[in-house]
Amino acid sequence: MPKEKTTKRATKGRTEKKKKDPNAPKRGLSAYMFFANEQRENVHKENPGISFGQVGKVLGERWKALNEKQRGPYEAKAAQDKKRYEDEKASYNAAAEDEESS
DNA sequence: GTCGTGATTGTTAAG
DNA sequence: CTTAACAATCACGAC
């Protein structure tokens, strides 16, 4: 039983990020973000005249429609982006430490 | 040592 | 300007 969704995250009141950290080390992007970056053109292209409602949905369906290999490059990017985040959080934790030191 | 949480990321499109 | 489905994430903190 893979704990599925945990935390009622049904797209309720999130967005606009609430700064709870001094430098807010935002995390890395997600594979979907990279995949969407490429598919958005392709999907919107195959579905000319459709709004995000359709695009966004079909987008997600196709996202999983890909095989592990196809998601590979996207996940790889996500992993790389995460590294980027590691840097921010590193700076953040260093800055926080410095601040604390002060 | 393990576990869950929250925060975040980006797309499109529109009122 | 913001929200909304769509999906992943995963580092952090807490006990």
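Computed from a predicted structure; not experimentally measured. Residue numbers begin at 1 in each chain, while the letters A, B, ... track the order of the sequences. Because only heavy atoms are used, hydrogens play no part in the values below, and waters and symmetry mates are left out as well, while side chains stay in.
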Roughly, in whole Å, what's the span from [atom1] in [X] to [atom2] in [N]?
| X | N | atom1 | atom2 | answer |
| --- | --- | --- | --- | --- |
| A:Leu29 | B:dA7 | CG | C1' | 13 Å |
| A:Phe34 | C:dT9 | CZ | P | 10 Å |
| A:Lys77 | C:dC10 | NZ | P | 14 Å |

Please name all residues satisfying salt bridge (charged side-chain N to carboxylate O under 4.0 Å, His left out) with [X], sequence neighbours left out, ordered by chain then number.
| X | value |
| --- | --- |
| A:Arg27 | none |
| A:Arg62 | A:Glu46 |
| A:Lys57 | none |

Original post:
Does any pair with a residue in residues 28-39 of chain A pass salt bridge (charged side-chain N to carboxylate O under 4.0 Å, His left out), and if so which ones, sequence neighbours excluded?
Top reply: none
Original post:
Which salt bridge (charged side-chain N to carboxylate O under 4.0 Å, His left out) pairs, counting each pair once, include a residue from residues 71-86 of chain A, with sequence neighbours left out?
Top reply: A:Arg71-A:Glu75, A:Lys82-A:Glu86
Original post:
Can you hop from A:Met33 to A:Val55 via hydrophobic side chains spaced under 4.5 Å?
Top reply: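 Same hydrophobic cluster.
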**OP:** Can you sort out the partners of A:Gln70 under side chain to side chain donor-acceptor pair (under 3.5 Å), two or more places apart, ordered by chain and number?
**Re:**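 Residues passing side chain to side chain donor-acceptor pair (under 3.5 Å) with A:Gln70: A:Asn67.
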Original post:
Base, sugar-phosphate alone, or nothing: which one does A:Gln54 contact when heavy atoms must sit under 4.0 Å apart?
Top reply: nothing
Original post:
Quick one: ring-ring contact (aromatic ring centres under 6.0 Å, His included) pairs with a partner in residues 67-90 of chain A, sequence neighbours left out?
Top reply: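 Output for this query lists A:Phe35-A:Tyr74, A:Trp63-A:Tyr74.
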**OP:** Strictly below 4.0 Å, heavy-atom distances to any atom of DNA chain C: list the hits from residues 79-88 of chain A, or just say none.
**Re:** A:Lys82, A:Tyr85
Original post:
By a strict heavy-atom criterion of less than 4.0 Å, which residues belonging to residues 40-53 of chain A are in contact with DNA chain C?
Top reply: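 Those residues whose heavy atoms fall under 4.0 Å from DNA chain C, taken from residues 40-53 of chain A in numerical order, are A:Phe52.
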**OP:** Only counting residues at least two apart or in another chain, list the ones meeting side-chain contact (heavy atoms from CB on, under 4.5 Å) with A:Asn47.
**Re:** A:Val43, A:Ile50, A:Val58
Original post:
Going by modelled atom types, is there a donor-acceptor pair between the base of B:dT9 and the side chain of A:Arg27 at under 3.5 Å?
Top reply: no
Subject >> Given B:dG10, C:dA8, C:dA11, the nucleotide with the shortest approach to the side chain of A:Lys64 >> reply: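 Taking heavy atoms from C-beta onward, the closest nucleotide is C:dA8.
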Subject >> Distance (rounded to the nearest 0.5 Å) between A:His44 NE2 and A:Gln54 CD >> reply: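 A:His44 NE2 to A:Gln54 CD: 10.5 Å, rounded to 0.5 Å.
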Subject >> Five-pair end axes of the helix from B:dG1-C:dC15 to B:dG15-C:dC1, angle between them (10°) >> reply: 60°
